[in-house]
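The shown structure was predicted, so the numbers you read here are calculated from the model rather than taken from an experiment.
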Amino acid sequence: MTVQLKNDRFLRALLREPVDRTPVWMMRQAGRYLPEYRATRARAGSFMKLCGNPELACEVTLQPLARYPLDAAILFSDILTVPDAMGLGLSFEAGEGPKFASPVRNEAAVRALPIPDPEVELRYVMDAVRLIRRELDGRVPLIGFSGSPWTVATYMVEGGSSKTYAHIKAMLYDRPDLLEELLDRVTRATLAYLSAQVSAGAQALMVFDTWGSVLTPAAYKAFSLGPMRRLVEGLPREHNGQRIPLVLFTKGGGPWLEAMADTGCDGLGVDWTTDLADARARVGDRVALQGNLDPSVLYARPEIIRERVAEVLESFGKGNGHVFNLGHGIHPEVDPEHAGAMIRAVTELSPAYHQPD
């Protein structure tokens, strides 16, 4: 039996339906800024052990909801679970970020990549989704997510984080056919992964395209937006009679908002480098917008945070289709009380934007 949602404000906003106030959640809301998260991660022993333990992943997913009146939970996981399940040997080095033992840099490596079965190699993620849905008991909806195929492929080819993207850009210009083959495999794996999250209980989906903005406009449309369009076209948009909204987010993606909206997604994440009023004017009522407070505002005093929240709300203006969020993930050094000040400001200030004229 499906549990009735007690708070569906987030889902209704993504579908551009009326809400009483602007819903709010934070990218990376279960993270290192919270002392309770740090304690659970220490108990797990490592980040990957935390991701791989459904009970602990559920615990940290729910921690921010115990502190704040948030309107959505987001699955605690990582965008690199898919390439890890492809056998690339993911590890996280202290202070260095993710590393792959076996980067993918030639035809043989690309063609050897399997498409993981989400209920086998990625069963721990699906078990976490099922457990979180059960523990939420309809309190708020659960967001599932993945990295975009381009962003995931970037890590796979570079072998970790990069400042120059030398290996994948060499592949892009020297062997675009090979990059397309790699992106096809990653896209198929991501489609299976996100579809399985919906079957397991995710009620909305988000695709994080962290590195799309390092591409030229033409390359972005071919190698980043193209695979995301395939996701939009291939993913289940309804489950058990309920619409499953899909949000695309390209960090630094302001120049391509119209093209992103044209994919048929339900919402666009907008970072703090784009004005929401401008974004809304450009995409009209085709999609909802999510964002877009600069995460660094949360270093400021609570009264300043409130002023900046007011500016973001005013930037979007009156009407439906806005989900309040940071323009990217919350920083680890942020005082949890400052995150609370932001959420409080949204809940107190946003109802005025949803009153009939």
May I ask you to test the [X]-[Y] pair for a side-chain heavy-atom distance under 4.5 Å?
{"X": "Val283", "Y": "Met260", "value": "no"}
{"X": "Leu231", "Y": "Pro149", "value": "yes"}
{"X": "Met48", "Y": "Leu90", "value": "yes"}
{"X": "Val140", "Y": "Arg9", "value": "no"}
{"X": "Met86", "Y": "Glu121", "value": "no"}

Applying side chain to side chain contact (heavy atoms under 4.5 Å, CB included) to Arg280 and not counting sequence neighbours gives Leu289, Phe316

By side chain to side chain contact (heavy atoms under 4.5 Å, CB included), Ile244 pairs with (sequence neighbours left out) Val198, Leu205, His239

CG of Asp84 to OH of Tyr155, rounded to nearest 0.5 Å, is 14.5 Å

Taken to the nearest 0.5 Å, the spacing of Lys99 NZ from Glu158 CD works out to 10.5 Å

Notebook entry, point to check: Ion pair present between Arg229 and Asp262, side-chain N to carboxylate O less than 4.0 angstrom?
Noted result: no

Exercise. Below 4.0 angstrom, N of the basic side chain to O of the carboxylate: do Asp71 and Arg21 qualify?
Worked result: yes

Review point. If you group Ile, Leu, Val, Met, Phe, Trp and Tyr by side-chain heavy-atom gaps below 4.5 Å, do Phe249 and Leu15 land in one group?
Key: no

So salt bridge (charged side-chain N to carboxylate O under 4.0 Å, His left out) across residues 44-61, not counting sequence neighbours, yields Arg43-Glu59

Can you list, pair by pair, the side-chain donor-acceptor contacts under 3.5 Å of residues 178-187, counting residues two or more places apart and other chains?
{"from": "Glu181", "atom 1": "OE1", "to": "Arg111", "atom 2": "NE", "distance (Å)": "3.3"}
{"from": "Glu181", "atom 1": "OE1", "to": "Arg111", "atom 2": "NH2", "distance (Å)": "3.0"}
{"from": "Glu181", "atom 1": "OE2", "to": "Arg111", "atom 2": "NE", "distance (Å)": "2.8"}
{"from": "Asp184", "atom 1": "OD1", "to": "Arg230", "atom 2": "NH1", "distance (Å)": "2.9"}
{"from": "Asp184", "atom 1": "OD1", "to": "Arg230", "atom 2": "NH2", "distance (Å)": "3.3"}
{"from": "Asp184", "atom 1": "OD2", "to": "Arg188", "atom 2": "NE", "distance (Å)": "3.1"}
{"from": "Asp184", "atom 1": "OD2", "to": "Arg188", "atom 2": "NH2", "distance (Å)": "3.4"}
{"from": "Arg185", "atom 1": "NE", "to": "Val110", "atom 2": "O", "distance (Å)": "3.3"}
{"from": "Arg185", "atom 1": "NH1", "to": "Leu113", "atom 2": "O", "distance (Å)": "2.9"}
{"from": "Thr187", "atom 1": "OG1", "to": "Leu183", "atom 2": "O", "distance (Å)": "2.6"}

side-chain hydrogen bond (donor to acceptor under 3.5 Å, both in side chains) with Ser315: of Asp278, Asp275, Asn292, Thr274, only one passes, and it is Asp275

Just list the side-chain donor-acceptor pairs under 3.5 Å for residues 295-306, sequence neighbours left out, or say none.
{"from": "Tyr299", "atom 1": "OH", "to": "Glu333", "atom 2": "OE1", "distance (Å)": "3.0"}
{"from": "Arg301", "atom 1": "NE", "to": "Glu303", "atom 2": "OE2", "distance (Å)": "2.8"}
{"from": "Arg306", "atom 1": "NH1", "to": "Glu348", "atom 2": "OE1", "distance (Å)": "2.8"}
{"from": "Arg306", "atom 1": "NH2", "to": "Glu348", "atom 2": "OE1", "distance (Å)": "3.2"}

Neighbour count >12 (heavy atoms, 6.0 Å) for atom NZ, Lys6: yes

Parallel under 30°, tilted from 30 to 60°, perpendicular over 60°: which one fits the rings of Phe10 and Trp25? perpendicular

Quiz prompt | Gln197 side chain vs Phe145 backbone, donor-acceptor pair below 3.5 Å | solution = yes

Table please: side-chain donor-acceptor pairs of residues 74-83 below 3.5 Å, with sequence neighbours left out.
{"from": "Asp78", "atom 1": "OD2", "to": "Leu80", "atom 2": "N", "distance (Å)": "2.9"}
{"from": "Thr81", "atom 1": "OG1", "to": "Asp78", "atom 2": "O", "distance (Å)": "3.2"}
{"from": "Thr81", "atom 1": "OG1", "to": "Tyr193", "atom 2": "OH", "distance (Å)": "3.0"}

